[in-house]
Q: 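What follows is a structure written as structure tokens; I'll ask about it next.
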Amino acid sequence: MRIAVSGCGIAGTAVGHLLALAGHEVTIFEQAEQCQAIGAGIMLQPSGQIVLDRLGILDSIARQSAKLEGIEAFLLSGRPLVELNYDALGDQYFAYGVHRGLLFTHLMKLCKASDVRIQTSTQICDFCERENEVHVIDQHGTQHGPFDFLVAADGSRSRLRAAAKLSSRTVNYEYAAIWATGPCSQVTNRLHQVIDRTNRLVGLLPIGDGQCSFFWGLRADQYSGLVQRGLPNWKREVIEMCAPAAELLASIDNFQAMTFAGYRHVGMKRWHANKIVFLGDAAHPSSPHLGQGVNLALEDAACFADAINDTDNFDQAAVRYQKIRQRKVRYYQSLTRMLTPFFQSDIPMSATCRNVGLPWFPSVPWVRRRMLQTLSGLQNGWF
């Protein structure tokens with residue numbers, strides 16, 4: 001089959017390679033002039049590791065990444081808020097802190113090896129169907145095709161949702177984050193976070209080679225004021241809150257060296273219509289507090305590619321893909337939506353409830369195991 005993929009990100013490259021490997025003719029359309037990863041570090045959970053092992057790139061990525069034994073979060077006072085260690089599930093469970101660019105580079109190599117065609121500077125904004133084929137339409141109104149179907153993997157701000165006329169509900173979060181990467185020798189084997197009430201959040205994620213991915217949570221509308229106050233003042237604020245961040249911040253000379261990113265939650269009842277199917281953040285974006293975005297995208301790509309190979313029919317494959325994936329995805333979306341106000345919001349009582357309840361939860365064996373399964377990306381639903 002001839003397949004168009006909109007978006008050359010993690011989901012787009014993964015599904016493009018898997019479909020091409022099965023003998024299909026795949027073209028990935030990317031709006032940027034160059035295909036490159038946007039963002040800093042990610043947590044590659046056991047669920048995502050399964051997909052990368054299938055692709056044959058897990059070992060290579062693991063050698064260049066940081067093995068994570070768990071996560072920890074502290075209040076500003078130094079009091080532990082939560083600590084979870086993967087080995088409570090078994091010695092074979094752990095995560096990797098991975099630079100997003102490293103994962104993307106490996107996926108791009110796979111696409112080139114499987115003869116995926118990549119067309120840059122082409123943003124797919126719309127599509128039209130003719131008989132049993134689909135043509136995709138770019139930002140200039142130029143049509144490309146024909147294709148047998150279109151895979152929308154163009155991220156949380158996908159323009160193709162409206163074009164597909166699928167019902168969706170979007171929530172733009174008031175909070176956002178600043179991301180950066182740099183040297184950090186004090187945090188090596190776990191995600192380290194410090195939380196002040198529900199309006200300040202700082203984290204350090206080891207990603208290998210003595211580097212960490214840094215993030216600072218803040219209200220989106222406060223970013224311009226933060227820039228106006230100046231970099232030195234902001235650095236002092238961060239270091240007072242999280243001393244291990246000093247080494248990394250010393251390598252940053254201006255705000256432009258970091259990435260400012262907002263969050264959004266989109267709920268879609270259906271992820272497919274006629275000749276289009278949605279994967280990854282194009283189908284189910286949410287806030288990053290559970291760190292599952294990349295892992296869910298990799299699983300989506302593998303699931304849909306398998307559905308195509310099993311049915312050799314787009315309509316049947318799209319239905320099967322959503323049926324298999326929606327229970328797990330809705331669990332993670334719902335849980336993330338529920339938890340986000342307890343970490344980033346303007347509701348003071350949320351911090352009080354969190355500080356009382358969260359340290360107690362892991363002391364209950366069943367709850368601790370459920371928390372770890374969720375963190376690992378292995379929980380498939382509420383029950």
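The analysis underlying the following values was restricted to heavy atoms, covering all of them including side chains, and did not include hydrogens, waters or symmetry mates.
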Q: Is the centre of the Tyr223 ring less than 6.0 Å from the centre of the Phe260 ring?
A: yes
Q: What orientation do Phe304 and Phe314 show, parallel under 30°, tilted 30 to 60°, or perpendicular over 60°?
A: perpendicular
Q: Going by the side chain to side chain donor-acceptor pair (under 3.5 Å) test, name the single residue among His17, Lys109, His24 that passes it with Ser114.
A: His17
Q: Using side-chain hydrogen bond (donor to acceptor under 3.5 Å, both in side chains), reason through His106 and Ser60 one step at a time and then give a plain yes or no.
A: CA-CA 9 Å; His106 277 73; Ser60 178; 2.8 Å; yes
Q: Can Phe29 and His144 be said to form a ring pair (Phe, Tyr, Trp, His ring centres under 6.0 Å), step by step?
A: CA-CA 10 Å; Phe29 296 93; His144 306 265; 5.2 Å; yes
Q: Got a sec, which pairs hit side-chain hydrogen bond (donor to acceptor under 3.5 Å, both in side chains) with one end in residues 340-359, sequence neighbours left out?
A: Tyr175-Asp346, Arg219-Asp346, Ser287-Thr340, His289-Gln344
Q: With a 6.0 Å cut-off on ring centres, are Tyr321 and Trp271 close enough?
A: yes
Q: Show, in sequence, the C-alpha distance, side-chain angles and deciding distance for Gln123 and Gln139, and conclude whether the side-chain hydrogen bond (donor to acceptor under 3.5 Å, both in side chains) test is met.
A: CA-CA 6 Å; Gln123 182 181 32; Gln139 71 272 33; 5.7 Å; no
Q: So Leu68 and Asn189, do their side chains get closer than 4.5 Å, heavy atoms only?
A: no
Q: Under 3.5 Å, is there a donor-acceptor pair between the side chain of Glu240 and the main chain of Val238?
A: no
Q: Is a side-chain N or O of Asp87 found less than 3.5 angstrom from the main chain of Gly90, in a donor-acceptor match?
A: no
Q: Run Glu247 and Ser185 through side-chain hydrogen bond (donor to acceptor under 3.5 Å, both in side chains) and show every step you take.
A: CA-CA 8 Å; Glu247 183 183 358; Ser185 56; 3.0 Å; yes
Q: Using side-chain hydrogen bond (donor to acceptor under 3.5 Å, both in side chains), reason through Gln143 and His135 one step at a time and then give a plain yes or no.
A: CA-CA 6 Å; Gln143 295 190 13; His135 288 73; 4.8 Å; no
Q: Between Thr374, Asn380, Thr336, which is the residue that forms a side chain to side chain donor-acceptor pair (under 3.5 Å) with Tyr331?
A: Thr374
Q: Is it the case that Lys275 places NZ or CZ above or below the six-membered ring of Phe149, under 6.0 angstrom from the centre and within 45 degrees of the axis?
A: no
Q: Evaluate Trp234 against Phe255 for ring pair (Phe, Tyr, Trp, His ring centres under 6.0 Å), listing each step before the verdict.
A: CA-CA 10 Å; Trp234 173 70; Phe255 283 105; 5.7 Å; yes
Q: List for me each residue that meets side chain to side chain donor-acceptor pair (under 3.5 Å) alongside Asp196, sequence neighbours excluded, and say none if there are none.
A: Arg200
Q: Might you point out which heavy atoms bring Arg368 and Pro362 nearest each other, and give the distance in Å?
A: NH1-O, 2.9 Å
Q: Tell me if the centroids of the rings in His192 and Phe74 come within less than 6.0 Å of each other.
A: yes
Q: To the nearest 0.5 angstrom, please state how far the CG atom of Asn295 sits from the CD1 atom of Ile42.
A: 7.0 Å
Q: With sequence neighbours excluded, tell me which residues meet side chain to side chain contact (heavy atoms under 4.5 Å, CB included) with Asp281.
A: Ser156, Pro285
